[in-house]
Amino acid sequence: MLKVYNTLSGKKEIFKPIEEGKVGMYVCGNTVYDFCHIGHARAMISFDIISRFIRHLGYELNYVRNITDVDDKIIKRAQENNETTQTLTERMIAAQQEDELRLGNKMPNREPKATEFMQEIIDMVQVLIEKGFAYQGTSGDVYYRTTVFSEYGKLNNRKLEDMLAGARIDVEIAKEHPADFVLWKQTKEGEVFWPSPWGNGRPGWHIECSAMATNCLGSHFDIHGGGPDLKFPHHENEIAQSEAATGKQYVNYWMHCGAVRVNNEKMSKSLGNFFTVRDVLAKFNPEVVRYLMVSSQYRSAIDYSDQSLLEAKVALERLYTALRQQNIASSYAPTNYTERFEEAMKDDFNTALAVSVLFELVRELNKAKTEDQVKASELAAELLFLAELLGLLYQEPDYFLQNSTVSEGFDEVRIQELIDERTQARKDKNFARSDEIRDELVSNGIELLDSREGTSWTRS
RNA sequence: GGCCGGAUGGCAGAGUGGUCAUGCAGCGGACUGCAACUCCGUUAACGCCGGUUCGAUUCCGACUCCGGCCUCCA
């Protein structure tokens, strides 16, 4: 029995798909005007793991994640770069895919782009106007009429009146009500545009998701996810648009991951305190980033720092060390660890608890290595299977351990030469020389592990 | 001001009405030429004040502090 925390109700609920055995999930992707930062990585990894586990439970999952490739920020950035919006977005989409593959994500079933759904967007705006949920303002822009959607604010427990007290909403004369938001925006000189019944222009930020989600998954589907900062206004507005247009409940389960923080502040574009995925991968193996995300539950806030990455690296090394030079059984009977792992995951995808089960399994595996090789190889197979559900332990143990950080120090050839020399020195009982070599390697960030099979090394 | 979260051992991070999280660090031991890895043992926590209870870190209420959202942001 899978339990999912639903932002809409504020509670964990038993998950029940609309159609038996099938799940439709829409996740808000990125606006592609810049490289992905760690906050994006968290959202992408969280929903990747959620999708893996939903499939593991036997559901046929249709995972759709959009790409926003029309937007004010894209236009602005393209102008600054003196390039077209299309070349900018194509470049950023390619970069995003590259980052994501390095982080070990599986791609969604479908990644619709806003520009490919222009007709559907226009159709939806048209319907909203016909139903009285939208109007063309004096500026020519088309707005959503929040005052007639009685449930406006239900996702965020807000009332229209209360929101005015905040007084941070733009007062635009063209709008009937300050909370009304743009569905279709008139083009300005030199900007990309599409023809529409309301003149040349482009969609507002929220309507594209309503149009893409309902077209890809239907007017009523199971799960809608995204980052914490999308709850308001983006998802609130999506609900308003979609439910007004279709007359049906839009989504059953709203899921939001937690924020990534830096120095106790949210990492965000507007604060400028963000680290791109590329920044981090220049220093650490991508799986370290993934482990950091997995080591806490997806809804909790994560503190990002070199320290937290280092701790993630060390923990991951323990898992990989257990697999080093270990036979993997071709089959195994799932043990209690699998059961406990699955129970943890079924409780709102508690990856932190699931990972702790992996560590307990590893302890038993390490013990079995000297006592019962068959058991050890079976536990290793079980470990790999469970880790795969989190997208972990997909690298060769030696490769990971030698490349957990990116280092400009000794190359592998030089390291091997020194190890060979040390091995000879040890055979000769020349321990002074052997220790000297080890010290030299350690001071260059290389740790040695002697075993009966020989000496292996790890980048620290 | 409104609405959401959160406060757990030295750090990170789960969870539970009464026995163990887990990882790192610490301490004692085994293994090792010495280390590292690994194993065994071990120390140590539930913001503050009330209430419910035989018993609360866990449930309820107040308080304090921290974070997020209310404007573009995963």
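Below, chains carry the letters A, B, ... as their sequence lines are ordered, and counting in each starts from 1.
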(message) Between G33(B) and Phe431(A), is there a base-stacking contact, meaning the centre of the base's six-membered ring lies under 5.5 Å from the residue's ring centre while the planes stay under 30° apart?
(response) yes

For the side chain of [X] and the base of [N], is some donor closer than 3.5 Å to an acceptor across the two?
X         : N      : result
Arg363(A) : C39(B) : no
Ser356(A) : G13(B) : no
Asp435(A) : G33(B) : yes
Arg438(A) : A35(B) : yes

(message) Under 6.0 Å from the ring centre and within 45 degrees of the ring axis: does the NZ or CZ of Lys269(A) meet both conditions for the six-membered ring of Tyr33(A)?
(response) yes

[M] and [N], which share atom name [atom1], separated by this distance in whole Å:
N      : M      : atom1 : value
G2(B)  : U57(B) : P     : 31 Å
U19(B) : G28(B) : P     : 30 Å
U52(B) : C59(B) : C1'   : 8 Å
C63(B) : G50(B) : P     : 16 Å

I'd like to know if the side chain of [X] pairs up with that of [Y] as donor and acceptor (distance under 3.5 Å, no hydrogens or angles considered).
X         : Y         : answer
Asp420(A) : Thr423(A) : no
Glu382(A) : Tyr337(A) : no
Arg261(A) : Asn264(A) : yes
Arg290(A) : Asn105(A) : yes

(request) Give, ordered by number, those residues of residues 419-427 of chain A having at least one heavy-atom distance below 4.0 Å to an atom of RNA chain B; if nothing qualifies, reply none. (result) Arg422(A), Arg426(A)

(request) Identify which nucleotide among C4(B), G68(B), G13(B) has an atom closest to any side-chain atom of Asn157(A), counting heavy atoms from C-beta outward. (result) C4(B)

(message) Taking the nucleotide of RNA chain B with the nearest heavy atom to each, does Asp450(A) or His37(A) sit closer to the 5' end?
(response) Asp450(A)

(request) For Tyr5(A) and for Ser451(A), find the nucleotide of RNA chain B with the closest heavy atom, then tell me which residue's nucleotide is more 5'. (result) Tyr5(A)

(request) Examine Tyr250(A) together with Phe221(A) and report whether their ring centres are nearer than 6.0 Å. (result) yes

(request) Could you please name the partner base of C59(B), counting Watson-Crick and G-U wobble pairs only when both distances are under 3.5 Å? (result) G51(B)

(request) Any strand is fair game: report the nucleotide pairing with C69(B) by Watson-Crick or G-U wobble, both distances under 3.5 Å, or none. (result) G2(B)

(message) Once you measure the plane-to-plane angle for Tyr291(A) and Phe359(A), does it fall in the parallel (<30°), tilted (30-60°) or perpendicular (>60°) bin?
(response) perpendicular

